[in-house]
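Worksheet: one structure, shown below.
Keep in mind that this is a model prediction, so the values were computed, not measured.
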Amino acid sequence: MSQGVHRERFRFDPTIEPRWRKFWAEQGIFRAGRRAGAERRYILEMFPYPSGDLHVGHGKNYFIGDALTRYYVMRGYDVLHPFGWDAFGLPAENAAIKTGTHPRAWTYGNIRESKSSLDIAGVMYDWDREVTTCDPDYYRWTQWLFLLLYRRGLAYRATATVNWDPVDQTVLANEQVDSSGRSWRSGALVEKRELSQWFFRITAYAERLVRDLDRLEGWPEKVKAMQRNWIGRSEGAEVEFAVSGSDDRITVFTTRPDTLFGATFLVLAPEHPLVQKLLAPEKRAAVLAYVEQARRRSEIDRQSLDREKTGVALGATCVNPVNGAEVPIWIADYVLMGYGTGAIMAVPAHDQRDFEFARANGLPIRTVIVPRGESAPPEPEAAFAEDGVMVGSGAYDGQENRAAGKAITQSLEERGLGRPRVTYRLRDWLVSRQRYWGAPIPMLHREDGTVVPVRETDLPVVLPEIEDYLPRGKSPLASSEEFVRAVDPETGAEVRRDTDTMDTFVDSSWYFLRYADARNDRMIWSSDAIRRWMPVDQYIGGVEHAILHLLYSRFITKVLYDEGLVPEDEPFRALFTQGMVQRRVTTPLETRPEGLLAPESLQKALGLPADPLSVPEMRARLRAESHALVEANGTWAAQSGPITMSKSAGNGVPMGPFVREHGSDVARITLLFAAPPENDMEWSDEGVGGAERFLNRIVTLFGDDGAAIARLREAGAATSADLAEDERPLHRRLHATIKKVTEDTEAFAFNTAIAALMELLNDAQRYRANHPEPTALSAEVAWTMCRLLAPFAPHLAEELHAWFGGAGSVFDAGWPVWSEQALLEEAIEIAVQVNGKVRDRLVVPRDTAEADLRERALASEKVRELVGDRSVRKVIVVPGRLVNVVA
RNA sequence: GCCGGAGUGGCGGAACUGGCAGACGCGCCGGACUCAAAAUCCGGUACGGGCAACCGUGUGUGGGUUCGAGUCCCACCUCCGGCACCA
C-alpha cells in the first residue's frame, strides 16, 4: 500500500467533536478559578435574548469570544468566560398572547434550545455562573438595585411627555426611539403622551459619562463618538431676561453669549410654563391655537428641516440685560422644551434658524459680529455664524468675539443675570414599562399619592400569575388584585403596588457584575469576588448597543462605584464590536407566457405589480429595489442584496444542522477566516469549502505519522544547529508563524492568523515532498501547529494533540514561544531599484554590510545597463530590505 | 450641516514605524489521476502589449513632500454609520 493511498483514509471527521466537548466539560477546563493563583482575564460576549435556534451569525460572536478564551487559557491565565440570558422581554409575551403558552414556559424552553445549540457549536463557558434575568433569584437583585437608586435620589417618579409605542402598548426611553421617530423594537412611529412614570437620573452622571470616555482606550473610536453625540455636551451660558411690567424672568440657554447684543426677540417652546401667564389677552386665541397645533404635530413633522418656521407673538416683551433693549417674546415649535431651558434668545444675524424665523415674521436683524477687516457680514441673505470681531456691542466693540463672549458672561454673573452653563442633550432614563414579562418595580403607592419602597427583606416582588397578557395601555399586572394589594411597611395601612415592570435594559445593565458571584443569595455579590473579576477585560458584541446597553451599563456601574460596591467606575476595559453575518435571499419567480411573475409576498415587499413583467422590465424593477434578477437552468429568481441573518428575515443558516454536517471547527474557520471580525461578511458555501479543505489538508499531512511524531518530539526540538540547509526556510517559517499567530490573535486579526497557519501548512507540505519520512523538524512543526490551531479549530487540535502523544488537554499544553534567533534566516533577498523601480534582486547573507550592498548593487549588470552613461547621483541602502540607485 | 469610519484584482481581503502592492483564501483557466464524474494533487491567474525573457500602467480623483507614497500633507469625490430646528 503506497503512502498516498494510505493517507487518503484520513479526513477531518466532525464526529470526533462531541467526545472532546465532553472531555473539556469533565476536566472543567473553562471553569473560572481553576488557576486561582494566576493572573485573571474576564472575557465576555453580550448575553442574548434566548430566541431558540441559533444561526451561524450568532455563532460568529461566540466563536470570537471562544477563540480568545482558549488562547488565554493556553497562556496560563485564570479565565472567566460566563454566559447568561437576557430573558425578560416582549417576544415571550407576544408568544403567550398568540399561542397561550406561559411566557415563563416559552422562555425557558427557548433557553434549553439555545443552550443545546451552543453546546453543539462547542463554545465553552463556565456554566456554573449562568444568569437568567427572568429568574426571581436574579430579578430580586434588579429590584434591589432599583431601591438603591431610589435611596440615592436617582430613581424618581415624574409626569412628563413620554414616547408611547402604539404597537407594543408601552412607553419607551429616548434611546429606544431612532432618529426617524420609530421604536427600536416594533418599528412603529412613537406618539407623545403625558404620563407619570419612573425615571433614572442618568443626567446626573452626564458629565462623568462623557468625560470618562477619554479613559476608555480599548474602545472603538466610533462607539465613543456615538456616545458623545448622544450625550451632546454643550458649553454656553444662561442669561436672564426680565419680563417688562412683571417680576417674572425668562432664563435662556445660549452657546453664543457673544451675540447677546444682537438678540432682537425671545422664543419660548410652546409648552413653556410661562406661556400661559405672559400671553396678552388679545393674543390668547391665536396663542392657544398654536400651542394645541404644536402638541398634535408628530415628532417627525416637528423635526423636518425644511418646514417653514412658524410661531406667534405672545404680546409681551422683556429687557435685554446688556443694553436694556425691549424685545418681543414669541413662541415657536422649533424651540424644544426638553433642551436647555426651553427658551432661547434669538439672534437672527448670527443663527440660521433665527434668521429664517425673523424673515418669516418680519422681525429685526441686528449684526454684532463681522469678519476681521470687513464692515459687514459677507452674505446678506444668511446668518453669519463664524468667528469675527464685535460691532454694535458697546464696550466690547473691536474685540475678538470668543473673548468678548467670556467677558459678557462674567459681567452678567457679577450682576446676577447670568452664569456659565453646560447643557446636555441626554435625558433621564424612563424605566417603567406597561407590560407583563419584566421585573416588577418594587414600589408601593399610598392613598395620598406618595410612594414608599418595598422593604429589602421583602424582595423579590414576584411576578404574579395572570390570565390575560394583552396590553391595554396599562400594565397587565394591574388585573391581579391579589398582586396589587399590599401593606405599607411603615404604617401597616393598605397600599397598592406599582404595576409597571422595568425596562429590560435595566436587567442587562448589571448582569456582567453578577457573574463574579452568581450564586450568592445573601448579597448581590461579595466584595472579594467583585475585586477578583471586575472590570471586564474584553467585552464583545454588536455595535447596535453602542448607546443603549453600553451607556446604561456605564451609568449603573458608576452608581455602584459611588456606593462602594464595585472597584472601578468603568465596567468594560476594552470593547470589540463584531460585524454581522449576512446572506442573500433568493426568491424564485414564476415563468408565464407573458413574462415573469413574483410571488405575492415579494410583490408586497418590493411594490411589484400583480401582473407578469418582461425580463428587462423585471430586471429594472428589481434593480430599483436593490435586488438582482438571476437565472439558473432556465429558472428565474429575484436575489436580494446581503441581509443580516435573522429570524425575521428568515435567512439564517441554523447552527445545529450545519455543525452536524461539517463540524464546529469548519464553522469557526469559515467565519473567522473570511474577513476581519469587525467587518460585516457575506456567508457563502465557497467559504465553507475552503475551510473544510484547510482542515483536511492538515489531517492528510500528519494523519498517519502520529506515533513517529510523538517519538521524535520526545527526542527534543530541532535547533538551528541540527538543521540541513534545505530545512532552514521551514524552520524560520515555523517561528515566524508562532509570532504572527500570537500577535494577530491578541489584536483580533483572526483572519490573518489563520492565513499564517495556511502558509505554514503550504510550506510543510512542500517540505514533505522532499522528506517523506517524519523528521525532528516536521515533528516540531506538527506539534506547534496543533497548539496554534487550538483557538480556531479546538476539536481538531485536541485530536492532533492526542495523536502526537500529548498528555491531558491541548489547552493545558502551553502556548508556543518563538525564537528571535530562528527568525534571523541567514540568506535574504534584497531588492535593487533604479530610480525607485525594482530592477534586480540580490541574495546575500543577512549581516551583509551597507557598503557591501551598495557595491554589489552597483556591480549588477541590470543596474549598469539601465544607468548607462548617466552618473549615479545617490545610492540609498536600507539594510535587510533594498538598495535604490538614483541616476 | 456636524462627528466617526472606509475606498486596493472577478470576489473576501493582505501589506510592521514610508521600502519589492496584491499574502492567504474563493472563483476561474490549464494539467495529472479516472472509462467518466466527484474528491484530491500540480501549475497559472492585477491590467495592457509581446511567442518569449521583458516592457508599460496600476491602491477613489487632482496636486504636493520624498531617492522612494496604498501608507505622510493639501484640496476634492463616493459610500457606510451616528447626531441633527439641540439654541
Side-chain angles (χ1 to χ4, degrees), chain A residues 4 7-8 11 178-179 220-234 236 252-256 259 267 269 302-307 309 332-336 338-347 350-354 356-357 385 423-426 543-544 546-547 577 669-670 673-676 678-682 684-694 696-697 700 740 743 749 751-762 765-766 769 829-841 873-887:
Chain A
R7 283 213 162 74
E8 276 181 22
R11 290 183 59 79
D178 69 17
S179 58
E221 209 40 61
K222 169 176 156 156
V223 173
K224 289 194 277 187
M226 283 165 75
Q227 292 212 356
R228 268 187 211 107
N229 272 339
W230 186 260
I231 297 167
R233 182 180 196 277
S234 146
V252 303
F253 172 70
T254 178
T255 54
R256 296 293 303 276
T259 62
V267 188
R302 204 169 153 168
Q303 285 181 358
S304 87
L305 273 123
D306 31 52
R307 226 183 75 233
K309 298 227 174 336
D333 63 6
Y334 79 93
V335 175
L336 310 173
Y339 183 80
T341 59
I344 63 160
M345 63 180 213
V347 186
H350 305 290
D351 181 284
Q352 191 58 29
R353 295 156 302 182
D354 297 344
E356 285 165 24
F357 189 81
T423 317
Y424 305 89
R425 208 189 70 96
L426 183 71
V543 75
E544 68 274 15
I547 294 170
T577 52
I669 298 290
T670 307
F673 175 68
E678 66 272 24
N679 287 17
D680 286 345
M681 62 166 282
E682 194 178 334
S684 84
D685 294 342
E686 283 84 26
V688 175
E692 208 152 28
R693 258 192 296 282
F694 170 56
N696 278 333
R697 283 171 59 210
T700 311
K740 177 93 178 135
E743 290 173 352
N751 57 327
T752 49
I754 293 168
L757 288 168
M758 289 175 172
E759 289 185 72
L760 176 61
L761 175 64
N762 290 343
Q765 214 163 30
R766 257 174 296 228
E829 205 182 60
I830 298 279
V832 179
Q833 300 181 331
V834 176
N835 292 332
K837 294 198 173 167
V838 181
R839 299 297 185 177
D840 201 4
R841 285 156 211 286
R873 286 191 296 161
K874 201 167 175 184
V875 181
I876 287 115
V877 181
V878 184
R881 291 208 179 264
L882 57 69
V883 180
N884 188 11
V885 179
V886 186

In the 5'-to-3' direction, what one-character label does each nucleotide of nucleotides 4-19 of chain B receive under the scheme B = base within less than 4.0 Å of a protein heavy atom, S = sugar-phosphate only, - = no such atom?
S-------BSS-B--B
Using the C1' atom on both, measure B:U65 against B:C72 and round to a whole Å.
8 Å
Would you find a donor on one side and an acceptor on the other, under 3.5 Å apart, between the side chain of A:D354 and the backbone of A:V347?
yes
Have a look at B:G9 and give me syn or anti from its glycosidic angle (syn if within 90° of zero).
syn
On a heavy-atom basis, the closest approach of A:A831 and A:V838 is CB-CG1, 4.3 Å
Under 3.5 Å, is there a donor on one side chain and an acceptor on the other for A:N762 and A:R697?
yes
Can you tell me if A:R693 touches the phosphate of B:C26, counting only side-chain N or O atoms and a distance under 4.0 Å to OP1 or OP2?
yes
Any idea how A:F357 and A:Y334 line up, ring-wise: parallel (<30°), tilted (30 to 60°), or perpendicular (>60°)?
tilted
Pairwise C1' distance for B:C20 and B:U71, with rounding to whole Å
15 Å
Kindly point out which of B:G82, B:C26, B:C85 is positioned nearest to the side chain of A:N229?
B:G82
So what stems show up for RNA chain B if we need 3 or more Watson-Crick or G-U pairs in a row, all under 3.5 Å?
B:1-7 with B:77-83, B:10-12 with B:24-26, B:27-32 with B:40-45, B:46-49 with B:54-57, B:60-64 with B:72-76
Can you name the closest pair of heavy atoms from A:T341 and A:F253 and give their distance?
OG1-N, 3.5 Å
With the side chain defined as heavy atoms from C-beta on, A:Y334 is closest, among B:G82, B:C26, B:C85, to B:C85
Separation of B:C2 atom C1' from A:M226 atom CE, nearest Å, is 15 Å
Determine the Euclidean distance between corresponding C1' atoms of B:G27 and B:G10; express it in Å to zero decimal places.
8 Å
Go through it in stages, so that I can follow the logic: the residues are A:R228 and A:E221, the test is salt bridge (Lys or Arg N to Asp or Glu O under 4.0 Å), and I'd like the CA-CA distance, side-chain angles, deciding distance and then a yes or no.
CA-CA 10 Å; A:R228 268 187 211 107; A:E221 209 40 61; 3.8 Å; yes
Atom C1', compared across B:A53 and B:A14: separation rounded to whole Å:
29 Å
Nearest whole angstrom, please: distance from the P of B:G82 to the CZ of A:R233.
25 Å
Could you state the atom-to-atom distance from CG of A:D840 to P of B:A53 in whole Å?
16 Å
Within the pair A:S234 and B:A87, is there a side-chain N or O less than 4.0 Å away from OP1 or OP2?
yes
Nearest to the side chain of A:A831, heavy atoms from C-beta on, is which of B:C20, B:A87, B:C24?
B:C20
Taking the C1' atom of each, how far is B:C74 from B:A69, in whole Å?
15 Å
With B for base contact, S for sugar-phosphate-only contact and - for none (protein heavy atoms under 4.0 Å), nucleotides 43-48 of chain B reads ------
What interatomic distance, in whole Å, is found between C1' of B:A87 and the corresponding atom of B:G7?
37 Å
Minimum-distance pair of heavy atoms, taken over all atoms of A:M681 and A:A675
CB-CB, 4.3 Å
Could you give the OH-to-P distance, from A:Y424 to B:A87, as a whole number of Å?
13 Å
Report the distance from atom CG of A:L761 to atom P of B:A23, rounded to the nearest whole Å.
17 Å
What is the nucleic acid contact for A:N762, judged by heavy atoms within less than 4.0 Å: base, sugar-phosphate only, or nothing?
sugar-phosphate
Is the side chain of A:T752 donor-acceptor paired with the backbone N or O of A:A755 at a distance under 3.5 Å, no angle test?
no
Does A:R425 put a side-chain nitrogen or oxygen below 4.0 Å from OP1 or OP2 of B:C83?
no
Atom NZ of A:K224 and atom P of B:C3 are separated, to the nearest Å, by 18 Å
Can you tell me, in whole Å, how much space there is between the P of B:G19 and that of B:A15?
12 Å
What's A:G687 touching, base or sugar-phosphate or nothing? Going by heavy atoms closer than 4.0 Å.
nothing
Checking side-chain polar atoms at under 3.5 Å, does A:Q833 have a donor or acceptor matched by the opposite partner on A:R839?
no
For the atom pair CD1 (A:I876) and CZ (A:R881), what is the distance rounded to the nearest 0.5 Å?
15.5 Å
What heavy-atom pair brings A:I344 and A:V252 nearest, and what distance separates the two atoms?
C-CG1, 3.6 Å
Which atom names give the shortest non-hydrogen contact between A:L336 and A:D333, and what distance separates them?
CD2-O, 4.1 Å
Separation between the P atoms of B:G60 and B:U66, rounded to whole Å
23 Å
From C-beta outward on A:R697, which listed nucleotide comes closest to its side chain: B:A87, B:G82, B:G25?
B:G25
I'd like to check A:V875 versus A:V886 (side-chain heavy atoms, cut-off strictly below 4.5 Å). Are they in contact?
no
